[in-house]
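The basis for the numbers below is simple: all heavy atoms, side chains too, and nothing from hydrogens, waters or symmetry mates.
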Amino acid sequence: MSTPPANQARPSVIQLAIKEKAALYAAYIPLFAEGGIFIPTTREYQLGNDIYVLLSLPDDPQRYPVAGRVAWVTPAKASAPRTQGVGIQFPKDEKSLLLKHKIEEILGTHLASERPTQTI
C-alpha cells in the first residue's frame, strides 16, 4: 500500500449511526454496484474525495468501517425535500460486498419500495 502525497489531505472520518430500517432505506444507494450510503452533512466535499465512514446499522452492535469515495453531492440549496450531504460509494472489496449484502438483508422487501429516498 502506498502512502498519499504530502499535499493530499487525509480522508475525513464520519461516524454514521442508522437506528431505524426506514432511515437505512432512505440512505442506502442500491444503484452503485458496490453499494453506497447517503451521509447528511453540512461539510463541503468534492466528487472523488475519500471519506472514511464508521457505519452502524439498526439492531446491530457492530460498527462497519468503510473507506468510501464521494460519488455525488447534494448542496445546501438543493430543492426540498433533499437533505444537504454526500453520497458515498463503497469500494470494490470483500468487506464492502459483505456490508452491501448485510444492508440488503436488513432492508429485504423494502428495496423494491417506491417511497422517496435521500438518494438518486
Side-chain angles (χ1 to χ4, degrees):
M1 214 155 120
S2 63
T3 56
N7 62 351
Q8 183 178 341
R10 289 179 51 220
S12 57
V13 177
I14 294 179
Q15 293 190 44
L16 180 64
I18 300 177
K19 299 188 184 324
E20 300 170 357
K21 194 182 289 191
L24 181 60
Y25 170 79
Y28 180 59
I29 309 168
L31 295 176
F32 294 156
E34 296 79 28
I37 200 85
F38 177 80
I39 301 173
T41 181
T42 56
R43 188 166 172 188
E44 296 288 322
Y45 287 99
Q46 304 295 320
L47 291 177
N49 284 157
D50 291 326
I51 296 184
Y52 190 78
V53 182
L54 290 172
L55 179 63
S56 300
L57 300 174
D59 302 319
D60 186 345
Q62 185 173 343
R63 292 193 329 178
Y64 297 90
V66 178
R69 178 159 284 155
V70 175
W72 99 78
V73 176
T74 302
K77 296 178 174 73
S79 61
R82 296 283 181 213
T83 301
Q84 180 180 0
V86 292
I88 304 301
Q89 184 172 13
F90 296 164
K92 293 181 184 181
D93 63 21
E94 184 79 19
K95 286 192 313 185
S96 295
L97 185 62
L98 292 172
L99 177 58
K100 175 184 165 92
H101 290 311
K102 174 79 175 166
I103 291 171
E104 291 180 353
E105 181 181 297
I106 291 169
L107 292 176
T109 58
H110 290 285
L111 279 173
S113 174
E114 293 297 318
R115 288 193 337 236
T117 69
Q118 293 294 337
T119 67
I120 47 180

With side chains defined as the heavy atoms from C-beta onward, is the minimum distance between Q46 and V73 less than 4.5 Å? no
Could you measure the distance from the [atom1] atom of [X] to the [atom2] atom of [Y]? Nearest 0.5 Å is fine.
X	Y	atom1	atom2	answer
Y52	I14	OH	CD1	13.0 Å
F90	K95	CZ	NZ	12.0 Å
D50	R69	CG	CZ	4.5 Å
I18	Y28	CD1	OH	11.5 Å
L54	Q62	CG	CD	11.5 Å

Using the rule that Ile, Leu, Val, Met, Phe, Trp and Tyr join whenever any side-chain heavy atoms are under 4.5 Å apart, tell me whether Y45 and L47 fall into a single cluster. yes
How far apart are the C-alpha atoms of V70 and I88, what are their side-chain angles, what is the distance that settles it, and do they pass the side chain to side chain contact (heavy atoms under 4.5 Å, CB included) test? CA-CA 5 Å; V70 175; I88 304 301; 3.9 Å; yes
Hits for side chain to side chain donor-acceptor pair (under 3.5 Å) against S56, two or more places apart or cross-chain, chain-then-number order -> none
If a pair satisfies salt bridge (Lys or Arg N to Asp or Glu O under 4.0 Å) and one of its residues is in residues 52-63, list it, with sequence neighbours excluded. D60-K102
Quick one: closest heavy-atom pair of V66 and P91, and the distance? CG1-CD, 3.9 Å
I need the single residue from L107, I106, I103 that forms a side chain to side chain contact (heavy atoms under 4.5 Å, CB included) with Y25. Which is it? L107
Please enumerate all residues that pass salt bridge (Lys or Arg N to Asp or Glu O under 4.0 Å) together with K19, with sequence neighbours excluded. none
Please set out all donor-acceptor pairs under 3.5 angstrom arising from side-chain atoms of residues 31-41, sequence neighbours excluded.
residue: E34; atom: OE1; partner: Q89; partner atom: NE2; Å: 2.9
residue: T41; atom: OG1; partner: R43; partner atom: N; Å: 3.1

